[in-house]
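First the proteins, then the strands, lettered A, B, ... as listed; each starts at 1. None of these values were measured; they are calculated from a predicted model.
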There are 2 protein chains.
Amino acid sequence: MPERRPRKDAARNREAVLAAADALFVRCESPEDVTMADIAAAAGVGKGTLFRAFGDRAGLLRALYEARLEPIRQAVEVGPPPLGPATPPRDRVPALLDAVLCFKLDNRRLALALEEGGSSSPYRAEHYGRWHSLLRAVLEQVPGLTDSDFTAHALLAATRADLVEHLAGEERIPRERMRSQLANFVTSVLASGPPQGLTAEE
Amino acid sequence: MPERRPRKDAARNREAVLAAADALFVRCESPEDVTMADIAAAAGVGKGTLFRAFGDRAGLLRALYEARLEPIRQAVEVGPPPLGPATPPRDRVPALLDAVLCFKLDNRRLALALEEGGSSSPYRAEHYGRWHSLLRAVLEQVPGLTDSDFTAHALLAATRADLVEHLAGEERIPRERMRSQLANFVTSVLASGPPQGLTAEE
DNA sequence: GTCAAAACGGACCCAGGGTCCGGATTCTAT
DNA sequence: ATAGAATCCGGACCCTGGGTCCGTTTTGAC
């Protein structure tokens, strides 16, 4: 099956919708007061178009999220340390979580809209699955650390969009402070367990 | 102001609604397919009654939640160790989080409905505020532990209703295993920092 | 028993996600 | 270039579910 590519206008409209949605989410107070009709209007497009292109609200949000996430995904999969695969586990774990935190700080409303969007739990999203299994795998390589699966969940939970929003918005905690607090937290989780040998173990 | 007490029928109906809602939430698959109309019908009451008594959906959920939470609240505020105030901080922290976890396991659907209920973030709920400031205060008494505020948030995040639901439902992790994993996690967070002297410090 | 205050309940309203289909656009083949 | 089919457009329309309103009923104080 040749998988014929979409028509030109379809592609153009798809981009217009993504751009419009992004802009609206940045400007809005809360994600739920940007409606599908709003997005369609802002993109100069009919509602039908928007639903045909993305299926439903969640689909649109996902598409936006994935697009924004792409650079980080690259950096994690094939980039240089401290995010890339060549990093020693004890350094990579904090780096990964810091990246997630920064991403959510930079895309607060969007992340909020997607994670707490209602209907299905954020834990079913495949992007969560990716972060979790990656983190889990890296944690597994940290000597003396058990329960990597749960630990990965728990660490990621510390970067939940609504928590980040609360800390940044309500408690007015500055970005750098939040990053360092998360780093400390992660470190303390990693630090426990058997003596994490200094430099020379034998 | 005498604050005259409610009429008999009002009180009776209020109880009926709470009971009906509780029953429905236990039976349902997802909290969002138990509608306000359903609850009213199940309680043998009109929708108006239900809204007059609780204000809105969130109000009803909150009322239910608080009611279920009451025993634990008592145990924490005036009960014996390990939950009560007489417990040494290092022991009380895990106990508190274990209590939260167990509560969410026992009231999965309800907690889900309230925390991810939509509109306003769970971090604005006053019951969250209570848990957080208590935990924060206890953490503050653990020597060598910094960032109690953030740490309290991060630890509580590990017991978020939808995470618990995911672990118990999707990943089929048994209760006791989850409790011990959480306990390990908490311990590792507490363990770091300065030497937590054995028994004799001087 | 009487009467005002309080509560009842279901018809009603409305926003917002999602669907539908007649008409406009784009691609392909000749 | 152009006919014709495939695809897409867009906004009128539907439907669910939270929340409101008000005529009627219940309660309880005197």
Side-chain angles (χ1 to χ4, degrees), chain A residues 1-21 24-25 28-64 109-110 112-114 116-120, chain B residues 1-21 24-25 28-64 109-110 112-114 116-120:
Chain A
M1 52 196 70
E3 183 73 18
R4 68 205 310 154
R5 49 194 220 171
R7 257 167 52 172
K8 204 167 22 177
D9 54 349
R12 178 173 43 74
N13 281 337
R14 185 187 169 88
E15 292 313 309
V17 167
L18 284 176
L24 286 181
F25 277 119
C28 74
E29 197 63 29
S30 159
E32 62 206 35
D33 47 45
V34 44
T35 164
M36 294 302 267
D38 290 344
I39 298 177
V45 137
K47 267 176 66 176
T49 301
L50 177 157
F51 279 98
R52 195 166 336 96
F54 299 99
D56 58 7
R57 183 173 232 262
L60 169 51
L61 276 302
R62 263 198 313 267
L64 248 184
R109 304 288 146 63
L110 175 58
L112 250 185
L114 186 57
E116 328 299 325
S119 33
S120 79
Chain B
M1 52 197 71
E3 183 74 17
R4 65 205 318 153
R5 47 185 226 184
R7 256 167 52 170
K8 204 168 23 180
D9 53 350
R12 177 173 41 75
N13 280 336
R14 186 186 169 90
E15 292 313 309
V17 167
L18 284 175
L24 286 181
F25 277 119
C28 74
E29 197 63 31
S30 160
E32 61 205 35
D33 48 44
V34 46
T35 165
M36 293 303 266
D38 290 343
I39 298 177
V45 136
K47 265 176 67 175
T49 301
L50 176 158
F51 279 97
R52 193 166 338 96
F54 300 98
D56 58 7
R57 182 172 233 263
L60 169 51
L61 276 302
R62 264 198 311 269
L64 247 183
R109 303 288 146 63
L110 175 57
L112 249 184
L114 186 57
E116 328 299 325
S119 36
S120 79

Please check the phosphate of C/dC8 (OP1 and OP2 only) for any side-chain N or O of B/Asn13 closer than 4.0 Å.
yes
Given atom CZ of A/Phe54 and atom P of D/dC8, what is their separation to the nearest angstrom?
13 Å
Which heavy-atom pair separates B/Arg109 from B/Pro31 by the least distance, and what is that distance?
O-CG, 3.7 Å
Using a 3.5 Å cut-off and no angle test, enumerate the donor-acceptor pairs between side-chain atoms of residues 38-47 of chain B and protein atoms at least two apart in sequence or in another chain.
{"unit_1": "B/Asp38", "atom_1": "OD2", "unit_2": "B/Thr35", "atom_2": "N", "d": "3.1"}

Distance check needed: C/dG10 C1' versus B/Ile39 CD1, whole Å only.
17 Å
Does the side chain of A/Leu64 come within less than 4.5 Å of A/Phe54's, by heavy atoms?
no
Over all heavy atoms of both residues, which pair between A/Ala113 and A/Phe25 is shortest? Give the atoms and the distance, please.
CB-CE2, 3.9 Å
Got a list of side-chain donor-acceptor pairs under 3.5 Å for residues 55-62 of chain B, not counting sequence neighbours?
{"unit_1": "B/Asp56", "atom_1": "OD1", "unit_2": "B/Ala58", "atom_2": "N", "d": "3.4"}
{"unit_1": "B/Asp56", "atom_1": "OD1", "unit_2": "B/Gly59", "atom_2": "N", "d": "2.9"}
{"unit_1": "B/Arg57", "atom_1": "NH2", "unit_2": "B/Val34", "atom_2": "O", "d": "2.3"}

Integer-rounded Å distance: D/dG10 P and A/Arg14 CZ:
16 Å
Between P on C/dA7 and CG on B/Asp9, what's the gap in Å once rounded to a whole number?
8 Å
Round to a whole Å and report the spacing from CG of A/Leu61 to P of C/dG17.
10 Å
Quick one: B/Arg7 CZ to C/dA4 P, roughly how many Å, whole number?
15 Å
Given protein heavy atoms under 4.0 Å, the one-letter contact record of nucleotides 11-19 of chain D, with B base, S sugar-phosphate only and - none, is simply B-----SBB
Distance check, rounded to the nearest 0.5 Å: A/Arg52 atom CZ versus A/Arg14 atom CZ?
12.5 Å
Report the nucleotide, chosen from D/dT26, C/dG9, D/dC9, that has the shortest atom-to-atom distance to any side-chain atom of A/Ala10.
D/dC9
In whole angstroms, the gap separating P of D/dC9 from CG of A/Leu50 amounts to 11 Å
